[in-house]
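Data first, discussion second: the structure below is written as structure tokens.
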Amino acid sequence: MSDPLLARVQQLESEVESLRAQLRDRDAKKEQEPAAKRGRRDGPGQPFDFSSHPRRHVALRLAYLGWEYQGFAVQENTDNTVEARLFEALLKTRLIPDRQSSSYHRCGRTDKGVSAFSQVISIDLRSSQFSGGLGVTVPEGASAKAKPEAAELPYVKMLNRVLPQDIRILDWAPVDMGFSSRFDCQSRTYRYYFPRGSLDVQLMADAAKRYEGTHDFRNLCKMDVGNGVLQFQRTILSASVKPLQPGHTDPYDLYLFEIKGLAFLYHQVRCMMAVLLLVGQKLEAPEIISHLLDVEANPRKPQYSMAVDYPLVLYDCHFEDLKWMQEAEEVSHTLNVLHQHWVQSVTKTQVLHGMIQGLQSAVEEASSNPSLSSLQCCLMEGSRQRNYRPLLERPRCESLESRIEHFVKRGRLEREEGENGEEAVHRGKRSRHSHNSQPNAQEVSTDQDAENGLKKMD
């Protein structure tokens with residue numbers, strides 16, 4: 001190798017070693033820096049300065065298919081809930097720093113397996129509106145960053161991109177800081193779908209009207225005394241049983257029980273539907289509903305099974321004067337997702353229906369086929385009794401007073417003296433998830449505070 005070439009190689013090796021030394025020095029200095037100072041150079045998991053961004057109090061409306069979830073609300077014994085998936089998405093998109101400081105309220109809980117088309121939550125989200133606006137809080141000194149007519153963050157798109165396909169954000173609305181999706185809800189509407197089968201649907205429709213009005217529903221719910229629900233009077237605005245397609249008389253046609261009320265108790269709709277199914281089978285007279293609502297004559301609930309969970313949908317939560325903001329692209333995307341679910345479900349339904357028809361063709365009198373009468377039995381939990389026992393002749397559950405005393409002894413409830421020497425009992429034990437949400441029940445729709453419209457944090 002010539003001397004000039006050798007000298008050039010030595011020069012390049014020296015430069016490489018110098019560059020390596022510089023890299024080692026830079027890495028060493030970087031490791032000595034505090035994590036907060038390193039900032040964006042750290043990549044995934046980097047700290048995000050929420051204090052430099054505005055916050056906006058909003059309402060989010062969402063739909064979900066609840067069949068694969070253990071209910072809507074977060075629970076201590078499982079993370080398979082709709083709310084758990086929702087907060088994972090909110091944290092991943094950095095729309096909130098944490099749940100505790102997000103001013104979160106839900107309109108209502110839904111049971112395991114129950115779906116919703118119009119569940120509503122209220123929450124504080126990160127905002128782009130440095131110049132202010134409805135529900136916007138701008139941090140001190142940040143107004144200098146204001147951009148005229150800056151578009152708000154695309155909340156629906158951001159969340160739907162990271163949520164499971166069976167949970168969809170439909171739209172959002174800017175709301176006043178004092179707005180609560182729980183306490184400001186004017187009414188809630190549930191729908192329960194069922195096949196006509198051999199049911200007397202007209203008798204069911206007449207019986208459903210007996211639910212309307214203000215009644216004590218302790219015999220038509222699961223009494224959630226351990227979580228402080230001690231008052232069971234609720235107001236039902238309307239209750240009806242009607243066909244999805246009027247004019248059809250096929251046993252496989254679908255009907256729905258639609259009920260609208262101010263607030264609902266734990267498992268109330270499913271208990272109400274169970275009694276209607278008994279009426280439709282003519283195992284009970286419509287008057288049974290009046291008897292169950294008469295808590296003076298029947299203070300203890302007869303033992304009976306609820307209707308199953310999967311046909312139940314929280315169909316609507318009504319609010320006054322909310323201006324919902326839709327994102328057209330997301331509406332189209334959600335429709336596509338629902339169409340995919342529908343195609344799969346309706347195709348499977350027709351496969352099953354074809355098999356049923358094939359078996360029925362071998363029966364001379366289809367009306368005597370027990371499969372028709374069993375359609376509605378599939379909607380009741382537990383096994384069917386061979387010899388039916390009327391509700392008012394069955395063993396009774398514990399009385400309200402007995403359950404209260406039980407939970408007082410266990411320390412779940414505390415007893416205090418009320419005004420004028422009257423005794424008051426109130427909720428004591430709280431869930432670690434209940435910082436600003438609802439009582440620690442696994443699945444409960446709403447409680448008496450919602451119906452009374454009490455503006456308070458529980």
Side-chain angles (χ1 to χ4, degrees), residues 34-62 64 69-109 119-130 133-142 145 152-164 167-169 172-184 429-442 456-458:
K37 189 174 180 180
R38 292 200 297 268
R40 295 183 179 275
R41 296 199 301 269
D42 283 356
Q46 63 190 358
F48 189 89
D49 186 8
F50 282 91
S51 64
S52 64
H53 293 266
R55 290 162 65 99
R56 186 167 210 165
H57 196 52
V58 305
L60 293 178
R61 192 165 68 99
L62 61 151
Y64 52 86
Y69 295 96
Q70 299 296 311
F72 179 77
V74 165
Q75 299 172 42
E76 295 180 351
N77 58 350
T78 179
D79 64 352
N80 184 31
T81 65
V82 176
E83 199 173 71
R85 300 288 84 77
L86 178 61
F87 272 93
E88 287 174 3
L90 289 165
L91 292 168
K92 187 172 184 178
T93 53
R94 291 175 172 167
L95 288 175
I96 62 170
D98 51 61
R99 174 171 173 155
Q100 287 74 12
S101 64
S102 64
S103 301
Y104 173 71
H105 276 177
R106 64 177 82 87
C107 183
R109 300 187 182 211
Q119 173 71 276
V120 177
I121 67 168
S122 53
I123 193 169
D124 288 350
L125 301 182
R126 176 167 57 90
S127 172
S128 64
Q129 302 302 294
F130 285 89
L134 179 60
V136 176
T137 302
V138 181
E140 187 176 353
K145 300 180 182 180
E152 185 53 279
L153 295 176
Y155 295 131
V156 177
K157 182 177 182 179
M158 291 172 69
L159 290 169
N160 281 345
R161 290 302 178 268
V162 295
L163 281 167
I167 304 174
R168 297 286 90 187
I169 306 297
W172 70 278
V175 292
D176 184 82
M177 291 301 298
F179 175 86
S180 165
S181 61
R182 178 184 175 193
F183 297 116
D184 288 307
K429 186 178 179 181
R430 295 177 64 83
S431 164
R432 62 186 174 89
H433 294 297
S434 62
H435 47 269
N436 65 348
S437 202
Q438 289 175 283
N440 178 28
Q442 287 185 341
K456 68 177 186 180
M457 298 292 283
D458 52 342

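- For the pair S52 and P139, the tightest heavy-atom approach, listed with the atom from each and the gap, is C-CG, 4.0 Å.
- Within the 3.5 Å criterion, the main-chain N or O of L90 finds no donor-acceptor partner in the side chain of R94.
- The two atoms that bring P174 and L134 nearest to each other are O-CD2, 3.4 Å, heavy atoms only.
- Ring-centre distance between Y64 and F72: below the 6.0 Å cut-off.
- The minimum heavy-atom distance between V162 and A89, with the atom names listed, is CG2-CB, 3.5 Å.
- In this structure, the ring of H53 has its center less than 6.0 angstrom from the ring center of F48.
- A side-chain donor-acceptor contact under 3.5 Å links H57 to the backbone of F179.
- Rounding to the nearest 0.5 Å places CD1 of I123 at 10.5 Å from OH of Y155.
- Atom CG of residue L159 and atom CG of residue L125 lie 7.5 Å apart, to the nearest 0.5 angstrom.
- Residues S51 and D49 have side chains that bring a donor and an acceptor to within less than 3.5 angstrom of each other.
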I'd like to know whether L86 forms a side chain to side chain contact (heavy atoms under 4.5 Å, CB included) with I169, so could you lay out the CA-CA distance, the side-chain angles of the two residues, the decisive distance to 0.1 Å, and finally the verdict.
CA-CA 10 Å; L86 178 61; I169 306 297; 4.2 Å; yes

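- A donor-acceptor pair under 3.5 Å is absent between the side-chain atoms of R56 and the main chain of E152, judged by distance alone.
- Of the possible polar contacts, none joining the S122 side chain to the S180 backbone as a donor-acceptor pair under 3.5 Å is found.
- With hydrogens and angles disregarded, no donor-acceptor distance shorter than 3.5 Å links the side chain of R55 to the backbone of I96.
- The two residues L95 and F50 come nearest to each other via the heavy atoms C-CE2, 4.2 Å.
- Under the 3.5 Å distance criterion, the side-chain polar atoms of Q129 are left unmatched by any main-chain donor or acceptor of V136.
- For the residue pair S103/D124, the side-chain donor-acceptor check at 3.5 Å is satisfied.
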Step by step, would you call I121 with H105 a side chain to side chain contact (heavy atoms under 4.5 Å, CB included)?
CA-CA 6 Å; I121 67 168; H105 276 177; over 6 Å; no

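- Heavy-atom minimum distance, T93 versus R126: O-NH2, 3.2 Å.
- Side-chain contact between D79 and R85: present, with at least one pair of heavy atoms (C-beta onward) separated by less than 4.5 Å.
- With a 4.5 Å cut-off on side-chain heavy atoms, L60 and V120 do not count as touching.
- With hydrogens and angles ignored, the 3.5 Å screen pairs no side-chain donor or acceptor of Q75 with any backbone N or O of T81.
- Going from atom CD of Q119 over to atom CZ of R109 covers 11.0 Å, rounded to the nearest 0.5 Å.
- A side-chain donor-acceptor contact under 3.5 Å links E83 and Y104.
- Going from atom CZ of R168 over to atom CG of N160 covers 4.0 Å, rounded to the nearest 0.5 Å.
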